[in-house]
S.K.: 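I have a structure I would like to understand better, so I am pasting it below and will then ask my questions one at a time.
FYI, the numbering just counts along the sequence from 1. All values derive from a computational prediction rather than experimental measurement. Below, all heavy atoms of this structure are taken into account, side chains as well, without hydrogens, waters or symmetry copies.
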Amino acid sequence: MSEMLNVADDIAIPMAEIDIQAVRAQGSGGQNVNKVASAVHLCFDVLQSSALPDSAKKRLLQLNDRRISADGIVTIKAQEYRSQARNRAAALERLRELLAASLVETPIRVPTKVPDSQRRKRVADKRRRGRMKRDRARVEDD
């Protein structure tokens, strides 16, 4: 495996900034689960990263993602495969996808005004509907 995690064409995270630990997996798997540390815990400190631009760090910390702590540490646990190598690759891929998503800048929405013609049409439709409902009402004798 390379010594860098390529996130984009111009951004690569050094593997030294990513902490990967093997732990025992949970769930089914029989005796293998009890003996082998095949699951992987990946930790990445966003604030201490030298490779990520500040704008990407800011967008990443603003995400409402339970994998990112208030301290700016991304924690990913991969345990879907029986082998540690495949779980390690899966965790790194999830981190790469998360970081790549933070590099995309969302355009600022410019609020638009509802045209006067649409506003008039909406009010006219409401009046027409109100008249129709009023005409359907029970007629009282005088």
Side-chain angles (χ1 to χ4, degrees), residues 1-140:
M1 179 143 277
S2 68
E3 292 300 315
M4 301 288 259
L5 176 67
N6 291 326
V7 178
D9 292 336
D10 56 340
I11 297 176
I13 306 292
M15 290 303 286
E17 292 183 4
I18 302 171
D19 180 35
I20 299 176
Q21 294 178 344
V23 294
R24 286 191 180 159
Q26 299 170 328
S28 61
Q31 190 175 357
N32 191 56
V33 162
N34 300 327
K35 296 191 321 186
V36 183
S38 60
V40 171
H41 261 158
L42 181 146
C43 294
F44 175 68
D45 193 347
V46 175
L47 298 174
Q48 298 300 319
S49 176
S50 60
L52 276 180
D54 290 336
S55 59
K57 289 180 186 179
K58 184 179 175 187
R59 277 191 295 275
L60 198 57
L61 294 174
Q62 287 176 345
L63 285 177
N64 188 16
D65 195 324
R66 59 182 173 83
R67 298 176 292 184
I68 304 171
S69 71
D71 300 331
I73 297 182
V74 177
T75 305
I76 296 174
K77 183 174 184 181
Q79 63 179 12
E80 56 265 13
Y81 300 108
R82 287 176 63 105
S83 79
Q84 183 181 334
R86 287 182 71 188
N87 282 329
R88 185 177 190 274
L92 287 171
E93 180 60 24
R94 281 194 237 156
L95 178 64
R96 191 194 63 71
E97 288 172 359
L98 183 67
L99 296 177
S102 74
L103 294 174
V104 178
E105 290 187 40
T106 54
I108 298 172
R109 183 185 175 277
V110 178
T112 57
K113 186 179 163 192
V114 178
D116 287 336
S117 61
Q118 288 296 318
R119 198 173 284 136
R120 283 193 296 273
K121 181 178 182 263
R122 183 178 59 83
V123 172
D125 285 345
K126 286 175 71 130
R127 282 201 180 111
R128 183 179 53 78
R129 188 107 176 115
R131 275 195 301 271
M132 185 170 56
K133 287 184 174 189
R134 186 186 63 223
D135 291 346
R136 249 193 248 145
R138 190 181 304 230
V139 178
E140 293 185 21

S.K.: Looking at Ala91 and Val40, what are the two nearest heavy atoms and their distance?
M.R.: CB-CG1, 4.4 Å
S.K.: Got a second to check how far Ile20's CD1 is from Ile76's CD1, nearest 0.5 Å?
M.R.: 10.0 Å
S.K.: Does any part of the side chain of Thr75, heavy atoms only, come nearer than 4.5 Å to the side chain of Ser69, both counted from C-beta?
M.R.: no
S.K.: Can you tell me how far the CG atom of Leu60 sits from the CZ atom of Phe44, to the nearest 0.5 Å?
M.R.: 8.0 Å
S.K.: The criterion is salt bridge (charged side-chain N to carboxylate O under 4.0 Å, His left out); which residues satisfy it with Arg67, sequence neighbours excluded?
M.R.: Asp65
S.K.: With side-chain hydrogen bond (donor to acceptor under 3.5 Å, both in side chains) as the rule and sequence neighbours excluded, what pairs involving residues 127-137 come up?
M.R.: none
S.K.: When you compare the side chain of Met15 with that of Leu92, does any pair of heavy atoms fall below 4.5 Å?
M.R.: yes
S.K.: What is the minimum heavy-atom distance between Asp71 and Asp45, and which atoms define it?
M.R.: O-OD1, 4.3 Å
S.K.: Over all heavy atoms of both residues, which pair between Ile73 and Cys43 is shortest? Give the atoms and the distance, please.
M.R.: CG2-CB, 4.4 Å
S.K.: To the nearest 0.5 Å, tell me how far Leu95 CG sits from Leu42 CG.
M.R.: 5.5 Å
S.K.: Please give me the minimum heavy-atom distance between Lys77 and Arg94, naming the atom from each residue.
M.R.: O-NH1, 3.1 Å
S.K.: Heavy atoms only: give me the nearest Ile11-Pro53 pair and the separation to one decimal.
M.R.: CD1-CD, 3.7 Å
S.K.: To the nearest 0.5 Å, what is the distance between CZ on Arg82 and CG on Asn87?
M.R.: 11.5 Å
S.K.: Can you name the nearest heavy-atom pair linking Ala51 to Glu17, along with the distance?
M.R.: N-OE2, 4.2 Å
S.K.: Taking Gly72's backbone N and O only, do any of them form a donor-acceptor pair with Lys57's side chain (distance below 3.5 Å, no angle check)?
M.R.: no
S.K.: Below 3.5 Å, can you tabulate the donor-acceptor pairs from side chains in residues 96-118 to any protein atom, sequence neighbours excluded?
M.R.:
unit_1 : atom_1 : unit_2 : atom_2 : d
Arg96  : NE     : Glu93  : OE1    : 3.3
Arg96  : NE     : Glu93  : OE2    : 3.4
Arg96  : NH2    : Glu93  : OE2    : 2.7
Ser102 : OG     : Leu99  : O      : 2.7
Asp116 : OD1    : Arg119 : NH1    : 3.3

